[in-house]
Novice: 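I am attaching a structure below and will ask some questions about it afterwards.
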Amino acid sequence: MSRVLIVDDSRVTRRLLSSILKSDGYVVDEAENGLDALEKLSAVKTDLIIADLNMPNMDGMTFVRSVREAPYVRDIPIVMLTVSSDKGLRKEAMAAGTDVFMTKPINPARLLGTLKSLLKEKP
Ligand SMILES: [Mg+2]
């Protein structure tokens, strides 16, 4: 069973994502920001990350860069989920190492389909 780390400062969003993923059989961990997420990644073997962009302490962009620079976790697929559809931000996120950039509101079927294909691509 695949294990997904949800990184979002909004408790409501974490709950929503968590229930969508659990309903599809995923094991879910949650983090409130990038720093919290890096700590969790060092403790738990994670298959995929869903990260928000705007968060206190460490934002999504910095978090993605940190993951891509870190041994052991650098190859974990990352979905960035944000309210902004700004093209510049999307570009920056992809350059930082984001695999898929998605905008809120969350479309459960689309999200689950995206996770499935990312996990299939994994070596
Ligand atoms: Mg946020």
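Counting starts at 1 for both ligands and their atoms, in listed order. Not measured: the values here are computed from a predicted model.
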Novice: With carbon and hydrogen excluded and only N/O/S kept, which atom of Asp9 is nearest the Mg ion (ligand 1)?
Specialist: OD1

Novice: Check this for me, if you would: do Asp9 and Arg11 make a salt bridge, where the nitrogen-to-carboxylate-oxygen distance has to be below 4.0 angstrom?
Specialist: no

Novice: Glu32 and Met55: which non-hydrogen atoms are nearest, and at how many Å?
Specialist: O-SD, 4.0 Å

Novice: Determine, step by step, whether Asp99 and Arg68 satisfy the salt bridge (Lys or Arg N to Asp or Glu O under 4.0 Å) criterion, reporting the C-alpha distance in whole Å, the side-chain angles of both residues, the deciding distance to 0.1 Å, and the verdict.
Specialist: CA-CA 11 Å; Asp99 293 280; Arg68 292 302 177 235; 2.9 Å; yes

Novice: Below 2.8 Å, can you find an N, O or S atom of Thr82 next to the Mg ion (ligand 1)?
Specialist: no

Novice: What is the name of the N/O/S atom in Asp52 that sits closest to the Mg ion (ligand 1)?
Specialist: OD2

Novice: Should Asp86 and Arg90 count as an ion pair when the cut-off is N to O under 4.0 Å?
Specialist: no

